[in-house]
Amino acid sequence: MTAPHDEDLLAEKPIDADDERALRLVRAHLDLLDPVPADLAERVKFAMTVASLEAEVAHLMSDALELTAVRTTEYDRATTVTFESGSLSIMVTLEAGERSAITLRGWVTAPGAEVELRERSRSSVTVADDEGRFVFDGVERGTVNLVIRLHDEPGARPVITPGIEL
Amino acid sequence: MSAPRPDSQRPGAPAEAGLAVTAARAFARHRDGDTDAMGDLVDELTPLLWHTARSQGADPATAEDVVQTTWLRLVEHTTDISDGQAVLQWLLMTTRREAWRSVRRGRRTVPHEPWEEPTSRDATAPPRALDPVTATEDADVARAVWQHVEALPARCQQLLRLVAYVDRPDYAVVSAALGIPVGSIGPTRGRCLAKLRMALLSDPTWEVTA
């Protein structure tokens, strides 16, 4: 067997390609043995957004109610989702638009509220009309959140929806 | 009507810069008001934080809570962290401390090593046999290397588990965050990698394929 001082010598030498290979294999093995939960980063980001906005999270009331019977492609359908928070309700309808982009039509029980659509790497802001309706065109597939702000009510917390899968 | 903000360009940090530098840049962007920066940081560092929590003995559910708590603390402490270069170390140390606390007050009274858990712990995990890595002969060597890692002292196991997830420039940060003196790993191989190397040198599985 190797004497203990060999370990000292090895310890003082620079890291070489064999060390890096061993570490790569450790990583490959751990990726199998102990994978990071696939949605962990997304859940972390949502929690951080809620925290930084000091927002109230709206709860999903109904999900994936398919409105149209005709379905020529998997995108050719409309889906309606409803969320509720302590202060308001939000209804969202998704429609397939040009190419793979989506039109998101919504209605909120707060006419004139500011509505922000948060996509993966951008966000858009609009204002709900007098009847509480709002529209976002050309939304990319992915997970989005809506943030509703009631500027007329001082002190009102923003309301954020959980992720909506498009 | 809707006024999309332009996609912010991700300033692809050179690979040799390491996670500490990438994290510092993203953190600086975050402080400058770039709302995507923190998300990029989360994507980049969550795997490392997961393994940090797991290597402290947190079970998978606890590790998820620990990682989430750590990131929320970063949001709270954004203004307290004056040196962006320290963000990676701050995250690692916070994860380690949170994991240690959770494990102590958790169901388990004796901290255990995560790799001692029965392999059937997660029924939702994809079947391992389907993973392409297991189909390669590297998988056998990987198993052999892992067995040697498991035979090392606990501190070395923790260190190598994390070092496997970072690039060389980050080794010193990782070892410092684990409370293993800086310099014990870094430009030189250090004690733990030396121990692993010794084990591998006497292992025919490794000799044949190296």
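What you see below is based on every heavy atom in this structure, not just the backbone, and it leaves out hydrogens, waters and symmetry mates. Numbered from 1 within each chain, the chains take letters A, B, ... in sequence-line order.
Between A:R118 and B:D36 there is no salt bridge, since no side-chain N of the basic residue sits under 4.0 Å from a carboxylate O of the acidic one.
Side-chain contact between A:T49 and B:M38 is absent, with no heavy atoms from C-beta onward closer than 4.5 Å. Within the 4.5 Å cutoff, the side chain of A:L23 has no heavy atoms near those of the B:R168 side chain.
Of all heavy-atom pairs spanning B:R191 and A:D8, the tightest one is NH1-OD1, 2.7 Å. Across A:E7 and B:A194, no two heavy atoms sit closer than the pair O-CB, 3.6 Å. Considering every non-hydrogen atom in both B:L196 and A:A22, the closest pair reads CD2-CB, 4.2 Å. Nearest heavy atom pair, residue B:V149 against residue A:V26, reads CG2-CG2, 3.9 Å. When every heavy atom of A:V36 is checked against every heavy atom of B:P47, the shortest pair comes out as CG2-CA, 3.8 Å. The minimum heavy-atom distance linking A:L30 with B:Y165 is given by the pair CB-OH, 3.5 Å.
Only the side chain of A:E20 comes within contact range of chain B, with heavy atoms under 4.5 Å apart. Of the atoms belonging to B:H148, not a single heavy atom falls under 4.5 Å from chain A.
Counting non-hydrogen atoms of neighbouring residues, nucleotides and ligands closer than 6.0 angstrom, the CD atom of B:E76 exceeds 12 such neighbours.
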#### Entry: CA sep, side-chain torsions, deciding dist, call: A:D6, B:R197, salt bridge (Lys or Arg N to Asp or Glu O under 4.0 Å)
CA-CA 10 Å; A:D6 286 355; B:R197 189 57 167 266; over 6 Å; no
### Query
Does the pair A:K45 and B:D40 meet the rule for a salt bridge (Lys or Arg N to Asp or Glu O under 4.0 Å), with working shown?
CA-CA 10 Å; A:K45 284 185 258 181; B:D40 292 346; over 6 Å; no
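Residue B:Q68 holds its CD atom at 7.0 Å from CZ of A:R43, rounded to the nearest 0.5 Å.
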